Amino acid sequence: MGIMINKTILRKGLEKLPSEKGMVRKSDVMAIEGKQKALLHESDSLFESLKELKEEYHSTGEFVVDGNSYSIEQMLEELRNDTKIGRKFRKNVNKNILTYMMKFGGDEE
């Protein structure tokens, strides 16, 4: 997704972790990474919308990216892992939404 964090902020956060001779436990870093990914997904409207379709509406639809079909579960994984397929799907969805808005989203009269 291309979301970046300033190295200074990261350094300050890492300084708060318990360390021995400047080394921190890998499990602490992995826990922080997991929390960061969870927060990222909570703020990702596309990820949350797909999750809602799957869980609340029991949707079993499929999505096509580059001629290949992916289930909702597969697409959630692609988005969760920020893969090439997930990024392409996100780009396609955004393009479709913007195209629709440009064609039909004019002023109401």
Side-chain angles (χ1 to χ4, degrees):
M1 261 198 228
I3 296 175
M4 307 291 281
I5 185 170
N6 185 299
K7 284 183 179 181
T8 305
I9 294 170
L10 179 60
R11 240 181 253 115
K12 287 180 182 178
L14 289 173
E15 286 173 359
K16 295 176 184 176
L17 290 176
S19 65
E20 294 178 26
K21 297 181 183 178
M23 302 291 284
V24 296
R25 287 192 310 252
K26 183 177 179 180
S27 61
D28 289 342
V29 175
M30 298 308 287
I32 290 170
E33 181 185 22
K35 289 177 186 176
Q36 201 173 30
K37 283 183 179 180
L39 289 172
L40 181 63
H41 294 311
E42 286 176 15
S43 64
D44 182 348
S45 60
L46 179 57
F47 183 85
E48 287 300 313
S49 294
L50 279 181
K51 199 165 95 176
E52 183 177 310
L53 278 173
K54 179 182 175 275
E55 294 171 359
E56 292 183 25
Y57 301 105
H58 308 290
S59 180
T60 57
E62 297 205 346
F63 302 95
V64 177
V65 177
D66 289 336
N68 297 311
S69 185
Y70 299 90
S71 69
I72 288 180
E73 189 61 45
Q74 289 171 313
M75 194 52 67
L76 283 168
E77 275 301 306
E78 299 295 335
L79 290 169
R80 182 180 294 118
N81 295 320
D82 194 32
T83 64
K84 182 178 177 182
I85 293 164
R87 289 189 299 272
K88 178 86 179 223
F89 176 69
R90 182 180 305 285
K91 183 178 178 181
N92 289 345
V93 168
N94 287 333
K95 182 178 177 183
N96 287 339
I97 290 169
L98 291 173
T99 300
Y100 180 86
M101 289 174 66
M102 287 173 38
K103 287 184 178 180
F104 307 107
D107 293 335
E108 293 183 19
E109 295 180 36

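Everything quoted here is computed from the prediction, not taken from an experiment. In what follows, every heavy atom counts, from backbone to side chain, and hydrogens, waters and symmetry copies are set aside.
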Show the nearest heavy-atom pair for residues [X] and [Y], with the distance to one decimal.
X	Y	answer
Leu76	Lys51	CD2-N, 3.8 Å
Val24	Pro18	CG1-O, 3.9 Å
Leu79	Gly86	CD2-O, 3.5 Å

* Asked: Do Met30 and Met23 belong to the same hydrophobic cluster, where Ile, Leu, Val, Met, Phe, Trp and Tyr are linked whenever their side-chain heavy atoms lie under 4.5 Å apart, directly or via other members?
  ->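 Looking at the clustering, Met23 is in a separate group from Met30.
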
* Hydrophobic cluster identity match, Leu46 and Val64, side-chain contacts under 4.5 Å ->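 No, separate clusters.
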
If you measure from [atom1] on [X] to [atom2] on [Y], what distance do you get to the nearest 0.5 Å?
X	Y	atom1	atom2	answer
Glu78	Arg87	CD	CZ	10.0 Å
Ile85	Asn92	CD1	CG	12.0 Å
Glu62	Ile72	CD	CD1	9.0 Å

Side chain to side chain, [X] and [Y], heavy atoms closer than 4.5 Å:
X	Y	result
Leu50	Phe63	yes
Arg90	Asp44	yes
Glu77	Thr83	no

* Asked: Is atom CD of Glu20 surrounded by more than 12 heavy atoms (other residues, nucleotides or ligands) closer than 6.0 Å?
  ->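 No, CD of Glu20 has 12 or fewer neighbouring heavy atoms, counting only those of other groups under 6.0 Å.
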
